[in-house]
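Notes to accompany the following structure.
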Amino acid sequence: MEELSQVKDQIKEFVEDINDPKSLELLDLLATGKMLRSKLILKIAGISQQSIELCAVVEMIHAASLLHDDVIDEAYTRRGKPSINALFDNKTSIMFGDILYSKAFTQLTFMDKEIAYTISNAVTLLSVGEMLDVDLTKDFNISYDKYLDMIYKKTASLIEASAASAAILANKDKDAFALYGKNLGLAFQMIDDILDITQDSSTLGKPALLDFVEGKVTIPYLFLYQRVENKEYLKSLYKKELSAKEATWLKEQFKSTNSLEDSIKLAQDLGNIAIKSIVNYNNQDLVYIMESMINREF
Ligand code: FPP
Ligand code: MG
């Protein structure tokens, strides 16, 4: 998508505005992601100065949240490249996150009030979501409702707000697009959680099977826990560096209980709910975004 380079240029312009060479240097070191939120906004609202600026604001908020998240998670790779906390230190990652985040909010003050409200409210939700995520890693969580609430806040809320804001910009049905974004976001996080198990570390750009070691009981593990015979053995592997034998046992159990398969089905169901909510708009691009998000490999 050619337009995505316009979003990157816009982010650079916003950061140039700050007039701080170090911020520009750090911006250059950030690995570019899939820019899912921008793709959504541009497909819903079309390309205009306003929509490009909205994309830039959302991507800066997302980048800031990841800069903080990598400190919280003590993660040293991001999108296959060393994270800022690995290249520099935690302080730099937090402070650069603060710079991007506050600049994004400054730009938001020039935008439509309803958009500013929608985006800033989502940032509160995603911050609460991050705290829930950290709290949920303290003990083996077996509650699907808690998992769903956490991934809604941590991941889906900003995707929902991006879609809703784009709809506001384009004078389309805000609620329908919010529903699309919410379900797409939930499915997106579930697919992320599945890939942690099915992909190898070189594809993921971070260690594989990391979630369980870090205490995250994600959707495939929730299904597995319900279905596996030896629940105590599964629990004994929680937060542990796995031996090759243990990793093999885990993968075999995922297979024999259909836990991965059913997790993918659940993500697909949510994806289909997303599509249904905007069916009146007959937007093939948004169907394609959902399908390629489900079928991605990293
Ligand atoms: C990644 O989750 C984390 C998020 C999507 C949200 C993080 C939010 C905050 C740190 C709140 C602060 C917000 C701002 C704007 C400063 P993950 O760890 O499951 O995914 P990963 O494997 O990509 O790290
Ligand atoms: Mg993380």
Side-chain angles (χ1 to χ4, degrees), residues 11 26 30-37 56-86 90-108 116 118-137 141 146-162 181-182 184-199 201 203-221 293 296 298:
I11 296 172
L26 290 168
L30 287 187
T32 321
K34 298 178 270 289
M35 299 182 84
L36 171 72
R37 295 155 190 80
V57 162
V58 169
E59 294 296 340
M60 285 162 76
I61 291 170
H62 180 53
S65 78
L66 297 179
L67 283 161
H68 286 191
D69 178 68
D70 284 341
V71 173
I72 294 166
D73 284 351
E74 299 174 45
Y76 301 107
T77 46
R78 169 62 61 191
R79 296 161 178 163
K81 291 216 310 195
S83 54
I84 296 293
N85 46 317
N90 284 348
K91 291 181 185 179
T92 308
S93 196
I94 299 276
M95 293 183 298
F96 185 47
D98 290 339
I99 290 168
L100 287 182
Y101 168 60
S102 52
K103 177 61 179 165
F105 268 67
T106 304
Q107 295 309 131
L108 208 51
T118 304
I119 298 289
S120 50
N121 184 53
V123 179
T124 308
L125 286 179
L126 82 109
S127 304
V128 172
E130 180 79 345
M131 194 147 76
L132 289 172
D133 192 18
V134 170
D135 286 343
L136 279 178
T137 61
N141 169 54
K146 282 187 188 167
Y147 167 78
L148 200 66
D149 180 51
M150 182 276 285
I151 67 169
Y152 165 61
K153 288 173 181 147
K154 184 182 75 167
T155 306
S157 62
L158 190 57
I159 299 176
E160 173 185 47
S162 301
K182 177 181 176 173
L184 182 84
L186 291 172
F188 177 85
Q189 186 59 51
M190 288 187 183
I191 294 292
D192 234 41
D193 295 344
I194 293 162
L195 293 175
D196 173 83
I197 297 161
T198 55
Q199 300 301 91
S201 59
T203 314
L204 288 175
K206 62 178 180 184
L209 282 177
L210 186 66
D211 284 344
F212 206 50
V213 179
E214 287 186 336
K216 297 181 182 179
V217 184
T218 57
I219 188 65
Y221 290 96
M293 188 283 294
R296 74 200 153 102
F298 56 89

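For ligands, and for the atoms within them, numbers begin at 1 and follow the listed sequence. The residues of the chain are indexed from 1 along the displayed sequence.
Under a 4.0 Å criterion applied to the non-hydrogen atoms of Tyr101, ligand 1 contributes the atoms 15 (C). When each atom of ligand 1 is checked for a heavy atom of Ser127 under 4.0 Å away, the hits are 11 (C), 12 (C), 13 (C). Shown in contact with His68 at under 4.0 Å from a heavy atom are these atoms of ligand 1, numbered in order with element: 10 (C), 16 (C). Every atom of ligand 1 with a heavy atom of Lys216 under 4.0 Å away is listed here by number and element: 17 (P), 18 (O), 19 (O). Here is the list of ligand 1 atoms found below 4.0 Å of a heavy atom in Arg78: 21 (P), 23 (O), 24 (O).
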Should Leu26 and Leu30 be marked as a side chain to side chain contact (heavy atoms under 4.5 Å, CB included) after you check the CA-CA gap, both sets of side-chain angles, and the distance that decides it?
CA-CA 7 Å; Leu26 290 168; Leu30 287 187; over 6 Å; no
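Note on Asp69 versus Lys154: no salt bridge recorded, every NZ/NE/NH1/NH2 to OD/OE distance being 4.0 Å or above.
Among all non-hydrogen protein atoms, the one lying nearest atom 8 (C) of ligand 1 is Leu126 CD1, 3.3 Å. Residue, atom and distance of the protein heavy atom nearest to atom 22 (O) of ligand 1 are Lys206 NZ, 2.7 Å. Closest protein heavy atom to atom 7 (C) of ligand 1: Glu130 OE1, 3.4 Å. Of the protein's non-hydrogen atoms, the one nearest atom 1 (C) of ligand 1 is Asp69 OD2, 3.5 Å.
Each of Val134, Leu136, Thr155 was checked for a side-chain contact (heavy atoms from CB on, under 4.5 Å) with Met150, and the lone residue meeting it is Leu136.
Within the 4.5 Å cutoff, the side chain of Tyr147 has no heavy atoms near those of the Lys216 side chain. Side-chain contact between Asp70 and Ile84 is absent, with no heavy atoms from C-beta onward closer than 4.5 Å. Counting only heavy atoms from C-beta outward, the side chains of Arg296 and Phe188 approach each other to under 4.5 Å. With a 4.5 Å cut-off on side-chain heavy atoms, Phe212 and Ile197 do not count as touching.
Looking at Asp73, its N, O or S atom nearest to the Mg ion (ligand 2) turns out to be OD2.
The residue His62 has no part lying near ligand 1, judged by heavy-atom distances below 4.0 Å. When non-hydrogen atoms are compared, ligand 1 lies under 4.0 Å from the side chain of Asp73 (C-beta onward) but not from its backbone. Counting heavy atoms under 4.0 Å from ligand 1, residue Lys154 touches it through both backbone and side chain.
Crowding of Glu214 atom CD: a count of heavy atoms from other residues, nucleotides or ligands under 6.0 Å exceeding 12.
Under 2.8 Å from the Mg ion (ligand 2) lies an N/O/S atom of Asp69, whether from backbone or side chain.
Of the options Ala104, Ala156, Ser65, the smallest heavy-atom separation from atom 13 (C) of ligand 1 is shown by Ser65.
Closest approach of Leu186 and Ala156 over heavy atoms only: N-CB, 3.7 Å. The minimum heavy-atom distance linking Ile61 with Ile119 is given by the pair CD1-CG2, 3.6 Å.
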